[in-house]
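First comes the structure, then the notes that go with it.
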Amino acid sequence: MQSRRYHYDQQRAPIYEALERFRQMRVVPFDVPGHKRGRGNPELTAFLGEKCMGVDVNSMKPLDNLCHPVSVIREAEDLAADAFGAEHAFLMVGGTTSAVQSMVLTACKQGDEIILPRNVHRSVINALVLCGAVPVYVNPEVDQRLGISLGMSRDQVQRAIREHPKAVAVLVNNPTYYGVCSDLRAIVRMAHEAGMLCLADEAHGTHFYFGGGLPVSAMAAGADMAAVSMHKSGGSLTQSSFLLTGPGVHAGYVRQIINLTQTTSGSYLLMSSLDISRRNLALRGRQVFHQVADMAEYAREEINAIGGYYAFGKELINGNSIFDFDTTKLSVHTLDIGLAGIEVSDILRDEYDIQIEFGDIGNILAYLSMGDRPQELERLVSALAEIRRRYQTDGAGLLSQEYIDPDVVITPQEAFYADKESLPLRETEGRVCSEFVMCYPPGIPILAPGERITGDILDYIEYAKCKGCSMTGPEDPEISFLNVVK
């Protein structure tokens with residue numbers, strides 16, 4: 001595979017180059033979009049700029065077509081495949097949600113079993129609702145001190161494969177939101193030996209492909225498909241991602257699956273951002289992410305020196321459920337200063353003008369990438385020190401557990417489409433949920449369709465609401481009622 005690097009010029013950006021040529025042609029637009037290069041919407045043009053509006057264009061022969069690429073988009077996909085060490089790469093303009101769903105829909109049909117950790121993003125379970133596949137959950141171990149779910153252990157995966165030999169695929173988070181990685185190479189090997197595909201949700205692992213000393217990427221580990229969120233750590237525009245496939249996956253079928261749900265009006269702003277960002281990573285990514293990892297390590301040391309906080313890292317590695325750790329992730333446990341993570345997050349934003357990625361019950365996550373600078377990290381460290389001085393309490397009554405084992409009663413599809421009724425939150429105990437409940441971010445369901453509602457889960461939902469977590473999923477925006485299967 002590596003020999004492919006000699007066939008592609010990673011300094012090129014075919015979509016960007018085609019858009020620049022198109023801009024110089026001064027074509028008269030009797031097509032969509034209706035703003036006509038911005039002239040029809042001066043307020044939006046003033047906000048976004050003439051250059052941006054001028055390349056918000058429709059598919060046409062010189063610019064190729066995302067649904068059936070034959071020229072510049074195809075070239076951009078080939079360059080991306082080469083840069084990421086994949087057999088094929090697909091430009092995704094519906095976010096990594098779309099890439100994850102296309103990955104699952106490619107592997108699974110109605111009634112198929114798929115082995116996966118329960119701490120997956122809701123997009124995975126959404127895909128099961130769509131296709132009718134049956135989840136076989138490998139419940140992750142939990143770090144009791146931090147209250148976070150970990151990776152999949154090898155023996156758990158092996159047991160699931162042995163007990164469900166007809167499963168079609170194993171899905172792995174690489175990494176989790178907190179930076180925890182499973183033993184991906186071993187899981188790929190176990191899946192392939194059982195005749196199953198191995199799929200990787202790499203929403204938070206784009207930089208693995210370009211950083212020295214970071215955990216192994218899905219393609220390097222031999223996975224069959226990977227959903228890669230370029231807009232997170234890769235620098236492209238929000239909602240742009242890649243779907244990567246290995247040599248054992250039929251690319252033509254994957255394209256058909258993608259076209260079932262992805263827009264036929266692909267945004268050239270998003271596609272060109274993928275193209276330019278791929279070039280940037282291919283040329284400079286290794287140097288950039290080495291610097292990012294160094295900044296994160298410095299920040300960890302400084303935060304741990306404050307006292308009360310625990311910025312965790314590679315010391316957690318146990319060779320199995322925490323096989324490796326993404327050192328660019330600045331994850332900080334806050335309960336020892338008597339504050340929930342969401343409370344620290346809110347204080348940082350409201351009083352210090354610092355927006356972090358998320359705060360949950362016990363932790364905060366500062367997402368570091370190529371745009372961060374040391375002086376901003378110093379500001380974060382100083383703010384955390386001041387928050388400890390101003391707000392530290394004894395922490396009595398704080399919950400810590402981030403993960404509650406689910407009791408799966410019926411499949412997500414059956415529950416989602418079943419006859420249902422809406423009940424007050426506390427009256428749902430013992431019933432089967434027919435919708436999602438989650439804190440977003442990170443978007444990992446507390447409840448998913450088909451799971452039994454327990455008292456512990458209801459306590460957790462009420463506690464998270466009380467602490468100010470952004471709760472999403474149910475029809476009722478206040479989450480005072482839940483839909484349950486009749």
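Sequential numbering from 1 along the given sequence is applied to the chain's residues. Reckoned from all heavy atoms, side chains included, excluding hydrogens, waters and symmetry mates.
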D201: what forms a salt bridge (charged side-chain N to carboxylate O under 4.0 Å, His left out) with it, not counting sequence neighbours?
->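 Salt bridge (charged side-chain N to carboxylate O under 4.0 Å, His left out) list for D201, sorted by chain: empty.
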Which residues pass the salt bridge (charged side-chain N to carboxylate O under 4.0 Å, His left out) test with E462, sequence neighbours left out?
->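 Salt bridge (charged side-chain N to carboxylate O under 4.0 Å, His left out) check on E462 returns R426.
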To the nearest 0.5 angstrom, please state how far the [atom1] atom of [X] sits from the [atom2] atom of [Y].
X: Q101; Y: I125; atom1: CD; atom2: CD1; answer: 11.5 Å
X: S470; Y: D360; atom1: OG; atom2: CG; answer: 12.5 Å
X: I364; Y: I356; atom1: CD1; atom2: CD1; answer: 4.0 Å
X: E141; Y: Q144; atom1: CD; atom2: CD; answer: 10.0 Å

Taking the side chain as every heavy atom from C-beta outward, state whether [X] and [Y] have any pair of such atoms under 4.5 Å apart.
X: Y310; Y: N304; answer: yes
X: L348; Y: L384; answer: yes
X: H231; Y: L237; answer: no
X: I306; Y: R388; answer: yes
X: D459; Y: T454; answer: no
X: L339; Y: I347; answer: yes
X: L482; Y: I453; answer: yes
X: V168; Y: C108; answer: yes

Determine whether the side chains of [X] and [Y] contain a donor N or O and an acceptor N or O closer than 3.5 Å.
X: D155; Y: S153; answer: yes
X: S241; Y: T96; answer: yes
X: S233; Y: H207; answer: yes
X: E87; Y: T245; answer: no
X: S369; Y: D372; answer: no

If you measure from the Lys or Arg side-chain nitrogens to the Asp or Glu carboxylate oxygens, is any gap between [X] and [Y] under 4.0 Å?
X: E77; Y: R255; value: yes
X: R300; Y: E297; value: yes
X: R349; Y: D346; value: yes
X: E113; Y: K166; value: no

Donor-acceptor contact below 3.5 Å, side chain [X] vs main chain [Y]:
X: E301; Y: Y298; value: no
X: T411; Y: E414; value: yes
X: S149; Y: P140; value: no
X: K329; Y: Y367; value: no
X: E202; Y: A218; value: yes
X: S182; Y: M152; value: yes
X: H164; Y: A167; value: no
X: D224; Y: C198; value: yes
X: S236; Y: L274; value: no
X: N173; Y: G151; value: no

Where do L79 and R278 land on the side-chain contact (heavy atoms from CB on, under 4.5 Å) test, with the steps shown first?
-> CA-CA 8 Å; L79 283 162; R278 179 271 315 153; 3.6 Å; yes
Report the residues that fulfil side chain to side chain contact (heavy atoms under 4.5 Å, CB included) with Q110, sequence neighbours left out, ordered by chain and then residue number.
->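 Partners of Q110 under the side chain to side chain contact (heavy atoms under 4.5 Å, CB included) test: Q413.
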Under the side chain to side chain contact (heavy atoms under 4.5 Å, CB included) rule, collect the residues that match up with S102, sequence neighbours excluded.
->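 Expected list: M92, S98, L243, I257, I258.
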With F358 via ring-ring contact (aromatic ring centres under 6.0 Å, His included) - residues at least two apart =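 With neighbours one apart ignored, the set is Y177, Y178.
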side-chain contact (heavy atoms from CB on, under 4.5 Å) assessment of R122 paired with I444 | CA-CA 6 Å; R122 70 166 293 174; I444 298 166; over 6 Å; no
Under 3.5 Å, which donor-acceptor pairs link side chains of residues 126-139 to any protein atom two or more places apart or in another chain?
unit_1 : atom_1 : unit_2 : atom_2 : d
N139   : OD1    : Y403   : OH     : 2.8

Stacked cation flag K420 on F416, 6.0 angstrom / 45 deg =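 So K420 does make the cation-pi contact.
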